[in-house]
Chemist: 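Sharing a structure with you now.
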Amino acid sequence: MDIAAPLPPPHERQKRQAALRYSGFRIIREALTGHKGWGPAWRDPAPRPAYDYVIVGGGGHGLATAYYLAKTYAKARIAVLEKGWIGSGNAGRNTTIIRSNYLLDGNEPFYELSMQLWEGLEQDVNYNAMVSQRGILNLCHTDGQRDAYRRRGNAMRLNGVDAELLDRDGVRAMAPFLNFDDARFPIKGGLLQRRAGTARHDAVVWGYARGADRLGVDIIQNCEVTGMRIEGGRILGLDTTRGFIGAQKVGVAVAGNSSRVMALAGMRLPIESHVLQAFVSEGLKPLIPGVITFGAGHFYVSQSDKGGLVFGGDIDGYNSYAQRGNLPVVEDVCEGGMALMPMIGRARLLRMWGGIMDMSMDGSPIIDRTDIDGLYFNGGWCYGGFKATTGSGLCFAHLLATDSPHPTAAAMRFDRFQKGLMIDEKGVGNQPNLH
Ligand SMILES: Cc1cc2nc3c(=O)[nH]c(=O)nc-3n(C[C@H](O)[C@H](O)[C@H](O)COP(=O)(O)OP(=O)(O)OC[C@H]3O[C@@H](n4cnc5c(N)ncnc54)[C@H](O)[C@@H]3O)c2cc1C
C-alpha cells in the first residue's frame with residue numbers, strides 16, 4: 001500500500017509539541033508577551049492517499065481511539081475522518097454525566113476502567129476537561145427499588161467500585177430541596193457513587209484531538225465517508241467527500257450514524273437510531289450538589305459551573321436521524337422534574353436540543369471485529385456513551401492494534417445477540433429504549 005508523504009522531521013515535531021504545552025508558567029509568559037506564542041490546538045491536514053489506521057467519526061470515541069492507538073499501541077499513520085466538525089455529534093450534545101455504577105460483570109469492569117481513565121485524563125492529555133467528581137445519587141421510591149439498588153451497590157463493591165446506600169435522612173441531608181412530602185413518589189433513599197460526576201464534553205473532544213494531533217494523528221474534518229471498498233472479504237479503503245483514502249484497518253465509531261455507515265459494508269446492525277433531548281435552564285445560584293436521578297420516572301439533573309440546571313429524560317421513542325426532538329417528551333421530562341423538585345417550575349428554560357442515539361437491543365455496547373478483514377466496529381452506546389469515551393477509546397485501540405478484545409470489553413461482541421449472551425443490564429429483555 002502506498003503510504004505517501006513522510007511525517008515532519010523530529011525536531012519540528014518537538015518544537016510544535018513544546019509550543020502546545022499548557023502550564024501556569026506558560027499562561028503567565030504568554031500574558032506578558034501579548035499571547036503571540038499560542039498556535040492552533042491541532043493541525044488541519046489534507047488527507048494522505050493511505051493510512052495504516054483510519055477511524056471514522058470525530059466524536060469522543062473516535063478521537064480517544066486515535067489518541068490511545070498512537071500513544072499506547074502503535075507509532076503508525078493514523079487518521080480520524082469526521083463528516084462535520086469534531087464534537088458536532090453526541091459528544092457535543094450530551095449531559096456530561098460520568099459514572100461506573102453498573103450491575104453486570106460484562107459492563108462494570110469496563111465502566112470502572114473508564115472512570116479510572118477519567119481520573120487521570122487531564123494530566124494525560126494536558127488539557128482541562130473540567131472533570132468534576134461531585135457524585136451521582138440514584139433515588140429510590142419503593143422498597144423493591146431499594147433492594148435492587150442494594151444489589152447493584154454490592155455488585156459494584158465486589159468489583160472494587162465505591163457505592164453507598166443512603167436512607168431517606170441521608171438523602172435529605174444531601175438534597176433538602178427535593179420533594180420529600182410527595183405521597184405518590186416517596187423518596188426512600190438512594191444509591192450514591194461519590195466518584196461519579198461530570199466532565200466538560202467539548203473539552204474532552206478538544207483534549208483528545210490536541211493529544212492525538214501531537215502524536216501525529218491527522219484529524220480530517222468535513223470529510224464524510226460515502227463508501228467502503230471491499231475486495232475478497234478485505235477492506236481496502238474508504239470513498240469520502242475528499243476522495244478515496246486507502247487503509248489497512250478501519251475502525252468505525254459514528255454513534256447515531258452506525259447503521260448508515262455499516263450499511264456501506266453491507267452490514268445490518270442490532271441497533272436503532274433514536275432522538276434524545278437535553279435541556280439547560282438559566283443560570284441559578286449553586287444548588288444541586290452532584291447528579292440526581294429520579295427513580296419513579298425518567299428524569300436526571302445536574303448543575304453546570306455556569307449555574308444552569310442541565311437535565312434530561314427518555315428518548316423520543318421513534319426512529320430518527322434528526323438532531324432535534326418533539327414536545328411530548330419535553331412534557332414528560334418536565335413532569336419528572338416537577339415531581340422531584342417542584343421549584344424547578346420557576347426556572348426558565350434557556351436552550352434545548354437533540355442528539356441521535358445508537359440504541360442497541362440489550363442496552364449495552366459493541367466493540368468488535370466484523371466478518372470483513374480490517375473492518376472494526378464501535379457503537380451501540382445508547383444514551384450512556386459519554387462516560388465510556390475513555391475506556392471505549394482504549395479498548396477499541398487495543399482491538400485495532402492487537403486483533404483481540406481488551407479483557408474488560410471482551411463481552412461486548414456482536415455474536416452475543418445470536419448466542420443469547422446479552423448484557424441485559426436492566427433485566428427486561430430486548431428493547432431499544434434501554435441504556
Ligand atoms: C442529549 C444527550 C444526553 C446524553 N447524556 C449523556 C450522559 O449524561 N452521560 C453519558 O455517558 N452519555 C450521554 N449521552 C450519550 C453520549 O453522548 C454518546 O453515547 C457518545 O457521545 C457517543 O460517542 P461519540 O462521542 O463518539 O459520538 P458522536 O459525537 O456522535 O461522534 C460520531 C461522529 O461520527 C460522525 N460521522 C457520522 N457519520 C459519518 C460519516 N459517514 N463519515 C464521517 N463521519 C461521520 C458524526 O458527525 C459524529 O461527529 C447523551 C447523548 C445525548 C444526545
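For ligands, and for the atoms within them, numbers begin at 1 and follow the listed sequence. Just so it is clear, the values below take in all heavy atoms, side chains as well, and ignore hydrogens, waters and symmetry mates.
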Chemist: Tell me if the CZ atom of Arg157 is crowded by more than 12 foreign heavy atoms within 6.0 Å.
Modeler: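 Atom CZ in Arg157 is not crowded, with 12 or fewer foreign heavy atoms closer than 6.0 Å.
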
Chemist: Flag Gly62 as yes when one of its N or O atoms lies below 3.5 Å from any N or O atom of ligand 1, and as no otherwise.
Modeler: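 No; the residue has no nitrogen or oxygen that sits under 3.5 Å from a nitrogen or oxygen of the ligand.
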
Chemist: Could an N or O of ligand 1 be found under 3.5 Å from any N or O of Gly92, whether backbone or side chain?
Modeler: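 Such a contact does not occur with ligand 1.
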
Chemist: When only distance counts, is Trp381 in polar contact with ligand 1, meaning an N/O pair under 3.5 Å?
Modeler: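 No, no N or O pair falls under 3.5 Å.
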
Chemist: Can you tell which of Arg93, Arg260, Glu224, Gln323 gets a heavy atom nearest to atom 1 (C) of ligand 1?
Modeler: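 Result: the heavy atom closest to atom 1 (C) of ligand 1 is in Arg93.
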
Chemist: Specify the protein heavy atom at minimum distance from atom 40 (C) of ligand 1: its residue, its atom name, and the distance to 0.1 Å.
Modeler: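 Among all protein heavy atoms, the one nearest atom 40 (C) of ligand 1 is Val225 N, 3.8 Å.
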
Chemist: Kindly identify the option in Tyr111, Phe386, Trp353 whose heavy atom sits closest to atom 12 (N) of ligand 1.
Modeler: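 The nearest heavy atom belongs to Phe386.
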
Chemist: Is the shortest N/O to N/O distance between Gly256 and ligand 1 below 3.5 Å?
Modeler: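 Between Gly256 and ligand 1, no N or O pair is found under 3.5 Å apart.
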
Chemist: Please write down residue, atom name and distance for the protein heavy atom closest to atom 50 (C) of ligand 1.
Modeler: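 So the nearest neighbour among protein heavy atoms is Asn94 CB, 3.1 Å.
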
Chemist: Report the part of Ile97 (side chain from C-beta onward, or backbone N, CA, C, O) that has a heavy atom under 4.0 Å from ligand 1; answer both or neither where that applies.
Modeler: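 Within the 4.0 Å criterion, Ile97 contacts ligand 1 through backbone and side-chain atoms alike.
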
Chemist: Looking only at protein heavy atoms, identify the closest one to atom 34 (O) of ligand 1 and say how far it is in Å.
Modeler: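 The closest one turns out to be Gly57 CA, 3.3 Å.
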
Chemist: Considering distance alone, does some N or O of Ala388 sit under 3.5 Å from an N or O of ligand 1?
Modeler: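 The answer is no, given that Ala388 and ligand 1 share no N or O pair closer than 3.5 Å.
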
